[in-house]
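Before any comments, here is the structure.
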Amino acid sequence: MKTNGSPAAGDNNLVAFVACAGFSAGKARASEFESCKDLVEAGSKRGECKSGCCGVGDCVKVCKQGAMRLEYGKIIIDPEKCDGCGDCAAEGVCPRHLIHMIPKDATNFIPCSSTEEDDELVRKTCGYGCIACGECERACPEGAVSIVDNHAVIDYDKCVGCVACMVKCRKKIIVDTLHDLTALKSNVAFVKCSGDGRAANKYKEMGIQTCQEAAKLDPKALGLCSAGCLGQGACTAVCRYDAIKVVDGVAKVDPDKCVGCKDCTYACPKHLITIVPYKGMKMVACSSEDDCETKAQVCSTGCLFCKDCKSNCPNLAIYEDGTHTVIDPAICEDCHVCQYVCPRDVIKQQEVPEYIFLQREALGIEEGE
């Protein structure tokens with residue numbers, strides 16, 4: 001099996017490719033070492049990827065064409081200057097064997113070489129890390145993608161440049177130069193809170209700067225919602241697509257930018273972010289289990305469990321979960337009645353994208369499936 005489909009070097013039809021896009025393999029310490037080999041031999045520190053690019057630049061030093069440069073710890077390759085000589089990919093240059101020679105006309109790339117078996121650890125270590133879920137391998141109609149040593153690789157002899165692997169990639173790390181990756185998605189993130197920002201303001205007054213710090217406190221003792229957004233941006237820090245931001249003290253997702261990678265769901269200590277179908281479905285933006293009187297006191301936008309939405313839903317798509325309501329997207333027919341009767345505007349709706357047909361075309365899904 002080829003690693004990232006690496007043909008033999010020394011071909012003008014080939015170009016070098018670094019199978020790592022992250023910054024978690026010791027790049028912060030790169031200036032302390034003269035070579036990548038020295039950094040690797042020094043060992044990895046806790047929280048660092050043991051398989052990624054060190055960022056010292058040994059490959060840059062051997063490139064005679066000036067096709068490689070180091071920018072903020074990341075190796076940038078100029079495909080116009082690279083002549084496929086393979087010097088950078090030769091044995092002994094990259095101590096972690098991350099550089100491969102791939103076809104110059106390739107359009108799909110998997111920029112990760114992680115061998116870590118624990119997918120949750122991968123998520124915590126690097127936002128660009130492959131979690132070896134195998135979705136890309138199963139989706140590829142040509143059998144061009146395989147999981148090798150706990151990361152996905154592409155066999156370019158078989159790859160035809162379709163978008164199937166990008167659409168199905170759970171982490172959305174697969175790079176596709178022909179299509180808009182942000183438009184090719186089946187799911188997006190949704191924050192189960194429509195709070196009024198008073199929690200974020202309170203924590204700011206207390207000098208708290210992270211969601212992790214805020215999560216250790218007792219919200220009820222502070223007169224805050226026990227299940228609301230903490231508003232300190234743990235989710236925004238891990239989002240690679242600038243798709244989630246704290247607005248008026250509450251995290252908000254931009255569905256046009258979100259690709260459904262789930263990184264934000266792991267970052268939220270309150271587990272308020274969930275992944276939902278990107279098809280225009282409605283969601284109740286509240287997950288508080290407090291009694292209705294308490295909810296009315298601590299939040300001006302939370303679900304008060306009046307049940308007006310449930311009793312007026314013509315399709316019986318709304319049900320009770322504790323002291324808040326939930327909408328079943330499989331039954332909901334987007335009639336808007338629930339939004340009309342909700343006294344607090346807690347029910348939110350995602351807009352149906354005009355480009356959903358690209359997903360269906362890539363995966364061979366017929367309309368209505």
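- A donor-acceptor contact shorter than 3.5 Å is absent between the side chain of K282 and the backbone of D328.
- Contact of the V191 side chain with the I244 side chain is registered, since non-hydrogen atoms from C-beta on lie closer than 4.5 Å.
- Note that SG of C261 is 10.5 Å distant from OH of Y266, once rounded to the nearest 0.5 Å.
- A side-chain donor-acceptor contact under 3.5 Å links S113 to the backbone of A19.
- Contact between V145 and C165 at its shortest, heavy atoms only, is CG2-CB, 4.4 Å.
- Side-chain contact check for P269 versus C211: some heavy-atom pair is nearer than 4.5 Å.
- When atom types are taken as modelled, the side chain of K171 and the backbone of G127 share a donor-acceptor pair closer than 3.5 angstrom.
- The structure places CG of D176 at 3.5 Å from CE of M166, a figure rounded to the nearest 0.5 Å.
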Show, in sequence, the C-alpha distance, side-chain angles and deciding distance for H324 and K295, and conclude whether the side chain to side chain contact (heavy atoms under 4.5 Å, CB included) test is met.
CA-CA 10 Å; H324 64 275; K295 284 197 284 188; 4.2 Å; yes
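- Residues S44 and R29 approach most closely at CA-NH2, 4.1 Å, considering heavy atoms.
- The local environment of CD in E71 is crowded, with over 12 non-hydrogen atoms from other residues, nucleotides or ligands closer than 6.0 Å.
- Taking 4.5 Å as the limit, some side-chain heavy atom of V246 sits within range of a side-chain heavy atom of T236.
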Test side chain to side chain contact (heavy atoms under 4.5 Å, CB included) applied to S287 and H271, step by step
CA-CA 10 Å; S287 56; H271 308 293; over 6 Å; no
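- Side-chain contact between K50 and T115 is absent, with no heavy-atom pair separated by less than 4.5 Å.
- Hydrophobic clustering (ILVMFWY, side-chain heavy atoms < 4.5 Å, transitive): F305 and V346 are in distinct clusters.
- Within a 6.0 Å radius of NZ in K61, more than 12 heavy atoms belonging to other residues, nucleotides or ligands are found.
- Around atom CD of Q209, no more than 12 heavy atoms belonging to other residues, nucleotides or ligands sit under 6.0 Å away.
- With a 4.5 Å cut-off on side-chain heavy atoms, K168 and C136 do not count as touching.
- Looking at every heavy atom in both residues, D78 comes nearest to E80 through OD1-N, 2.9 Å.
- Residues V298 and I208 fall into different hydrophobic clusters, defined by Ile, Leu, Val, Met, Phe, Trp and Tyr side chains chained together at heavy-atom separations under 4.5 Å.
- A side-chain contact (heavy atoms from CB on, under 4.5 Å) with V122 is found for one member of E116, E117, H151 and no other, namely E116.
- Applying the 6.0 Å contact sphere to NZ of K252 captures more than 12 heavy atoms from other residues, nucleotides or ligands.
- Once rounded to the nearest 0.5 Å, the distance linking CD of E333 with SG of C313 reads 8.5 Å.
- Residue D291 places its CG atom among more than 12 non-hydrogen atoms of other residues, nucleotides or ligands, all under 6.0 Å distant.
- Proximity of D321 to V284: side-chain heavy atoms (C-beta onward) are nowhere separated by under 4.5 Å.
- Results of the side-chain contact (heavy atoms from CB on, under 4.5 Å) test with Y319 over T325, V326, I331 single out V326 as the only residue that passes.
- Panel note: side chain K348, backbone D345; a donor-acceptor pair is recorded below 3.5 Å.
- Between atom CD1 of residue I318 and atom CD1 of residue I347 there is a gap of 5.0 Å, rounded to the nearest 0.5 Å.
- Between the side chain of S288 and the main chain of D290, a donor-acceptor pair closer than 3.5 Å is present.
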Please walk me through it: do L98 and I75 pass side chain to side chain contact (heavy atoms under 4.5 Å, CB included)?
CA-CA 11 Å; L98 299 177; I75 302 298; over 6 Å; no
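- Comment: D58 does not engage K37 in a salt bridge, judged by the lack of any side-chain N to carboxylate O separation of less than 4.0 angstrom.
- Between the side chain of H100 and the main chain of F17, no donor-acceptor pair closer than 3.5 Å is present.
- One finds a salt bridge joining E135 and R170 here, because a Lys/Arg side-chain nitrogen approaches an Asp/Glu carboxylate oxygen to under 4.0 Å.
- Atoms SG and CG, on C162 and N108 in that order, are 7.0 Å from each other to the nearest 0.5 Å.
- Between L272 and A227 the shortest heavy-atom distance is CD2-O, 2.9 Å.
- In this structure, C85 and K64 have side chains that are not in contact, with every pair of non-hydrogen atoms separated by 4.5 Å or more.
- Closest approach of C193 and G228 over heavy atoms only: SG-CA, 3.9 Å.
- R344 places a side-chain N or O within 3.5 Å of a backbone atom of G302 that can act as its donor or acceptor partner.
- K270 NZ: more than 12 foreign heavy atoms inside a 6.0 Å radius.
- Residues I174 and V167 share a single hydrophobic cluster, defined by chaining ILVMFWY side chains whose heavy atoms lie under 4.5 Å apart.
- One finds the NZ atom of K216 at 12.5 Å from the CG atom of L230 (value rounded to the nearest 0.5 Å).
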Begin from the C-alpha positions of K245 and D254 and carry the test salt bridge (Lys or Arg N to Asp or Glu O under 4.0 Å) through to its verdict.
CA-CA 8 Å; K245 294 182 178 180; D254 182 343; over 6 Å; no
Candidate pair F109 and I102, rule side chain to side chain contact (heavy atoms under 4.5 Å, CB included), full reasoning:
CA-CA 10 Å; F109 312 94; I102 65 173; 3.3 Å; yes
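- R96 places none of its side-chain heavy atoms less than 4.5 Å from the side chain of C36.
- In the hydrophobic clustering of this structure, V15 groups with I154; members are Ile, Leu, Val, Met, Phe, Trp, Tyr whose side-chain heavy atoms approach within less than 4.5 Å, directly or through other members.
- The closest donor-acceptor contact from the side chain of K104 to the backbone of C82 lies under 3.5 Å.
- Under the 4.5 Å side-chain heavy-atom criterion for ILVMFWY residues, a single connected hydrophobic cluster contains both M206 and L224.
- Distance alone, capped at 3.5 Å, is enough to place a donor-acceptor pair between the E48 side chain and the K45 backbone.
- A pairwise comparison of heavy atoms in N312 and D308 identifies ND2-O, 2.7 Å as the closest pair.
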